[in-house]
K.L.:
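Before anything else, here's the structure in question.
In the text below, chain A, chain B and the rest are named by the order of the sequence lines, each starting its count at 1. This one's a predicted model, so the numbers in the text were calculated from it and none came from an experiment. Note that these values count all heavy atoms, side chains included, but never hydrogens, waters or copies made by symmetry.
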There are 2 protein chains.
Amino acid sequence: MKELVFHIYQGYGFTDDQAHKVAETLIYTDLHGIQSHGVQRMFMYDHFIQNGKIRVKSRPEIVKETPVSAVVDANFGLGQLNGIYSMEIAIEKAKKSGIGIVTTRHSGHYGIAGYYANMAAEQGLIGMSSCNSRPAMLPTFSMQAFVGTNPIAFAMPANPHNYIFDAATTTVPQGKVEVYRKLGKDLPALWVAKDGQTPVYDHNDTETLNKTRDPEAYVGLTPLGGVTEETGSHKGFGLGVMVEVFTSILSMGNTSVEITPEDLSVGPAQSFIAIDPSIFGDKDAIIEKFSDYLQQIRELPAVPGKTIYVAGDKEALAYDDRKANGIIIDDHTLEEVTDIAKRLGIDYEQYIK
Amino acid sequence: MKELVFHIYQGYGFTDDQAHKVAETLIYTDLHGIQSHGVQRMFMYDHFIQNGKIRVKSRPEIVKETPVSAVVDANFGLGQLNGIYSMEIAIEKAKKSGIGIVTTRHSGHYGIAGYYANMAAEQGLIGMSSCNSRPAMLPTFSMQAFVGTNPIAFAMPANPHNYIFDAATTTVPQGKVEVYRKLGKDLPALWVAKDGQTPVYDHNDTETLNKTRDPEAYVGLTPLGGVTEETGSHKGFGLGVMVEVFTSILSMGNTSVEITPEDLSVGPAQSFIAIDPSIFGDKDAIIEKFSDYLQQIRELPAVPGKTIYVAGDKEALAYDDRKANGIIIDDHTLEEVTDIAKRLGIDYEQYIK
């Protein structure tokens, strides 16, 4: 499947190096069990490549730089390529100066934020990444969505595997609602609210659920913490705004409310942070201390029938499983991918077993 | 009241400058309407000063330093003084190098994290601060508390007033549960859980609620997002662990589980970050863009009877109110404070109207 993805992106006109990077990020995502953001997303990217929202020949460029920071204008290239480019700059700066913060404007959907955070962790550094997006989150007591799903990803080297936290600041990302609808399952908690406060659970309520993509409608995703201050709604909302600062505000890019799928002259903004733990002390001792801390958590008494996982554990388990048994591509997605391959004249059958 | 607090801390043996700083932070907190972390906390600090957990004569010191970072050993001095000292270092580094990250070990309870974040914002910088604490948060599916309440504070200059986000990564901090108990009010949401999943609402359930301070008991504060993955429990938990990295792990200080009120040789760790927005672009333009973004949020259609506030708005309103009408000290707290004053031989009556 990785080879097929490579050939498709080559077919769009990306260089071999670019096509390889895209295939790497998408298959990494599926291998770690995050199907909503892997090969499944190729259909959306295909649409944007065809209508020019993703510009195949664009290259990201540094527009401002200091020893600890950079602002990148991505010129509407493919999000994953902008993300890798930007995080590589952050990593280089962290290795030289201890810290690197990069904020990238005019980008595109870049998949999972955790991928970029983990790029730094793979080099022994702390990594962070965030992204804004078009309006999805209801600010506390607002009836209209305004803030994006604005994830925060944080990765830190640890044993037996890196700690990789990656979470939308909404209770769930859009993709999770879509997965439940595809599965014909009611939403199990207050993920979507209408009129700023009324829970929407019914997966058959198509009219309301379709409106989560419409910033003018009185429907939206709840912030982490729900819709009341008692449950912490203002906290998820506040974290979402913090993400906006590191992405669109510092880069002078497009804020959530300016982003639409139709307008080809706007795109999301992203942030990339790398920090070398050795500026604080002995790196090995720090990593060992953190690994011990995580292990103590795993060994706490668990609710009967449940397992205590720390961030990255489930993804590591999924990786072992997928490495042994292959990645899971649903029929609908496979059809979408083979249709793209056919259109590009790629002999796809040799890649699918 | 500020003068009374000053004289009490002077009475403990702190220098005038130190006593002034403590009075400043505590009254700042009450003036901004955060009663749980202001004068209300003096009783706890009094206990720790008496038993030697807070060492009056200690001074914080830098143990490792780079142009963008420092590790501070606070030597168990008073938390507020360590916090001001550490954030001043972060601010100085940000002004010179663009970014400053300070991690401080062997500190004490430092009040509201937002105070330190706002110190940076008052200087035109982005400020962040976090703190670990003794076990309070239930990791998702754990029956025992392990992670601290581990707040994340973020402040950014904005008009008409700074954006100041300050939130425990638990649904609420310990102090909020205490305030409800003092007021004789039931907990309005899933703030405390027993056996890892059962909500505790009854403010009269003293036996259970007292156990939120006991890491061995099967009682704890819920992470932001509650106790199930459907509501995002793992997100609050993961953010709490991220705070642990920036505080106890990078400083090689005491992790949450090592902190107890009894052991005088351990204390919480804190982090302080300052970032100069001008390393990314024109600072005034960035602040204006952010202020516009916040104003757009305030003007969204609100749930009937509700107002949409962004982080810092309520505190700004409380400040205006308290400045005009005085701060609110409940009778129980006033008695605690006057008892301390009496013991220290301070003529407290002249300060209380």
K.L.:
Please classify the contact of A:Ser251 with chain B as side chain, backbone, both or neither, using a heavy-atom distance under 4.5 Å.
P.N.:
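Neither the backbone nor the side chain of A:Ser251 comes within 4.5 Å of chain B.
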
K.L.:
What closest approach, in Å, do A:Glu230 and B:Trp191 show between heavy atoms, and which atom pair accounts for it?
P.N.:
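Scanning both residues, the minimum pair turns out to be O-NE1, 2.7 Å.
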
K.L.:
Heavy atoms only: give me the nearest B:Phe146-A:Leu300 pair and the separation to one decimal.
P.N.:
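Between these two residues, the closest heavy atoms are CB-CD1, 3.5 Å.
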
K.L.:
With a 4.5 angstrom heavy-atom cut-off, could you sort out which part of B:Ser256 is near chain A: side chain, backbone, both or neither?
P.N.:
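Contact with chain A involves both backbone and side-chain atoms of B:Ser256.
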
K.L.:
If we define contacts as heavy-atom pairs under 4.5 Å, which of A:Val102, A:Ile279, A:Val71 has the most with chain B?
P.N.:
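Option with the greatest count: A:Ile279.
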
K.L.:
Considering non-hydrogen atoms only, spot the tightest contact between B:Ala189 and A:Thr231 and give its length.
P.N.:
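Looking at all heavy atoms of both residues, the shortest contact is CB-CG2, 4.0 Å.
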
K.L.:
Only pairs of heavy atoms separated by less than 4.5 Å count here; which of A:Pro139, A:Ser69, A:Gly236, A:Gly196 has the most with chain B?
P.N.:
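Most heavy-atom pairs within the cutoff with chain B belong to A:Ser69.
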
K.L.:
Does any backbone or side-chain atom of A:Leu190 lie under 4.5 Å from a heavy atom of chain B? Answer side chain, backbone, both or neither.
P.N.:
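The answer is neither part of A:Leu190.
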
K.L.:
Counting only non-hydrogen atoms closer than 4.5 Å, does A:Ile101 touch chain B with its backbone (N, CA, C, O), its side chain (CB onward), both, or neither?
P.N.:
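It is both, since atoms from each part get that close.
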
K.L.:
Under 3.5 Å, is there a donor on one side chain and an acceptor on the other for B:Tyr293 and A:Ser248?
P.N.:
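Their side chains do not contain a donor-acceptor pair, so the 3.5 Å distance test is not met.
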
K.L.:
When you look at NZ of A:Lys289, are more than 12 heavy atoms from neighbouring residues, nucleotides or ligands closer to it than 6.0 Å?
P.N.:
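Yes, NZ of A:Lys289 has more than 12 neighbouring heavy atoms, counting only those of other groups under 6.0 Å.
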
K.L.:
By a 4.5 Å heavy-atom criterion (distance strictly below it), what part of B:Ser278 contacts chain A: side chain, backbone, both, or neither?
P.N.:
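Backbone of B:Ser278 only, per the 4.5 Å heavy-atom cut-off to chain A.
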
K.L.:
Using a cut-off of under 4.5 Å for heavy-atom pairs, which of A:Asp195, A:Thr103, A:Val241 has the most such pairs with chain B?
P.N.:
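Greatest number of close heavy-atom pairs with chain B: A:Val241.
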
K.L.:
So for B:Met156, is it side chain, backbone, both, or neither that comes closer than 4.5 Å to the heavy atoms of chain A?
P.N.:
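The side chain, not the backbone.
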
K.L.:
What part of B:Leu239 gets closer than 4.5 Å to chain A, counting heavy atoms only: side chain, backbone, both or neither?
P.N.:
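The answer is both parts of B:Leu239.
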
K.L.:
What part of B:Tyr180 gets within 4.5 angstrom of chain A, counting heavy atoms only: side chain, backbone, both, or neither?
P.N.:
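Neither the backbone nor the side chain of B:Tyr180 comes within 4.5 Å of chain A.
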
K.L.:
Please state whether the side chain, the backbone, both or neither of B:Ala311 comes within less than 4.5 Å of a heavy atom of chain A.
P.N.:
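Answer is neither: B:Ala311 stays 4.5 Å or more from chain A.
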
K.L.:
Given a strict heavy-atom distance threshold of 4.5 Å, which part of B:Pro301 is in contact with chain A: side chain, backbone, both, or neither?
P.N.:
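When you check distances to chain A, atoms from both the backbone and side chain of B:Pro301 fall under 4.5 Å.
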
K.L.:
Checking heavy atoms, do the side chain of B:Ala70, its backbone, both or neither come under 4.5 Å from chain A?
P.N.:
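Backbone only.
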
K.L.:
How close do B:Met143 and A:Val303 get, heavy atom to heavy atom, and via which atoms?
P.N.:
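So the two residues come closest at CG-N, 3.7 Å.
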
K.L.:
Using heavy-atom distances under 4.5 Å, tell me whether A:Ser97 contacts chain B through its side chain, its backbone, both, or neither.
P.N.:
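Contact with chain B: backbone only.
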
K.L.:
Given the options B:Gly238, B:Pro304, B:Pro67, which has more heavy-atom pairs under 4.5 Å with chain A than any of the others?
P.N.:
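When all of B:Gly238, B:Pro304, B:Pro67 are compared, B:Gly238 has the most.
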
K.L.:
What part of B:Val147 gets closer than 4.5 Å to chain A, counting heavy atoms only: side chain, backbone, both or neither?
P.N.:
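Both the backbone and the side chain of B:Val147 come within 4.5 Å of chain A.
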
K.L.:
Looking only at heavy atoms, what is the nearest atom pair of B:Lys235 and A:Thr170, with distance?
P.N.:
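Shortest heavy-atom separation between B:Lys235 and A:Thr170 comes out as NZ-O, 2.9 Å.
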
K.L.:
Please classify the contact of A:Phe290 with chain B as side chain, backbone, both or neither, using a heavy-atom distance under 4.5 Å.
P.N.:
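Contact with chain B is through both the backbone and side chain of A:Phe290.
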
K.L.:
Quick check: closest heavy atoms across B:Pro277 and A:Leu250, and the distance to 0.1 Å?
P.N.:
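Looks like CB-CD2, 4.2 Å.
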
K.L.:
Side chain, backbone, both or neither: which part of A:Val245 has a heavy atom under 4.5 Å from chain B?
P.N.:
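For A:Val245, the side chain is the part near chain B, not the backbone.
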
K.L.:
Is it the case that the side chains of A:Tyr309 and B:Thr140 hold a donor-acceptor pair, with the cut-off being a distance below 3.5 Å and no angle test?
P.N.:
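No donor-acceptor contact under 3.5 Å links the two side chains.
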
K.L.:
Using 0.5 Å steps for rounding, measure from the OG atom of A:Ser142 to the CD1 atom of B:Ile297.
P.N.:
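CD1 of B:Ile297 is found 8.5 Å from OG of A:Ser142.
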
K.L.:
Quick one, A:Met128 with B:Met242, criterion side chain to side chain contact (heavy atoms under 4.5 Å, CB included). Give me CA distance, side-chain angles, the key distance, then yes/no.
P.N.:
CA-CA 11 Å; A:Met128 297 184 76; B:Met242 182 178 80; 3.8 Å; yes

K.L.:
Identify which of A:Lys176, A:Glu65, A:Glu229, A:His234 forms the greatest number of heavy-atom pairs closer than 4.5 Å to chain B.
P.N.:
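Highest number of pairs under 4.5 Å: A:Glu229.
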
K.L.:
Check each atom of B:Val68 against the heavy atoms of chain A and say whether the ones under 4.5 Å are side chain, backbone, both or neither.
P.N.:
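Backbone plus side chain of B:Val68, per the 4.5 Å heavy-atom cut-off to chain A.
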
K.L.:
Go through B:Phe165, B:Phe141, B:Phe237 and name the one with the most non-hydrogen pairs under 4.5 angstrom from chain A.
P.N.:
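Counting heavy-atom pairs under 4.5 Å, the top option is B:Phe141.
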
K.L.:
CD1 of A:Ile275 to CD1 of B:Ile273: how many Å apart, nearest 0.5 Å?
P.N.:
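Atom-to-atom, A:Ile275:CD1 and B:Ile273:CD1 are 6.0 Å apart.
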
K.L.:
Determine, stepwise, if the pair A:Phe246 / B:Phe280 fulfils side chain to side chain contact (heavy atoms under 4.5 Å, CB included).
P.N.:
CA-CA 10 Å; A:Phe246 281 102; B:Phe280 299 102; over 6 Å; no

K.L.:
Under 4.5 Å, counting heavy-atom pairs only, tell me which of A:Ile99, A:Val227, A:Thr66 racks up the most with chain B.
P.N.:
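If we count pairs closer than 4.5 Å to chain B, A:Ile99 comes out on top.
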
K.L.:
What part of A:Ile287 gets within 4.5 angstrom of chain B, counting heavy atoms only: side chain, backbone, both, or neither?
P.N.:
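Neither the backbone nor the side chain of A:Ile287 comes within 4.5 Å of chain B.
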
K.L.:
Which atoms of B:Glu288 come close to chain A, meaning under 4.5 Å heavy atom to heavy atom: side chain ones, backbone ones, both, or neither?
P.N.:
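Neither the backbone nor the side chain of B:Glu288 comes within 4.5 Å of chain A.
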
K.L.:
Return the option, out of A:Thr171, A:Leu138, A:Val63, with the maximum number of heavy-atom pairs under 4.5 Å with chain B.
P.N.:
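Highest number of pairs under 4.5 Å: A:Thr171.
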
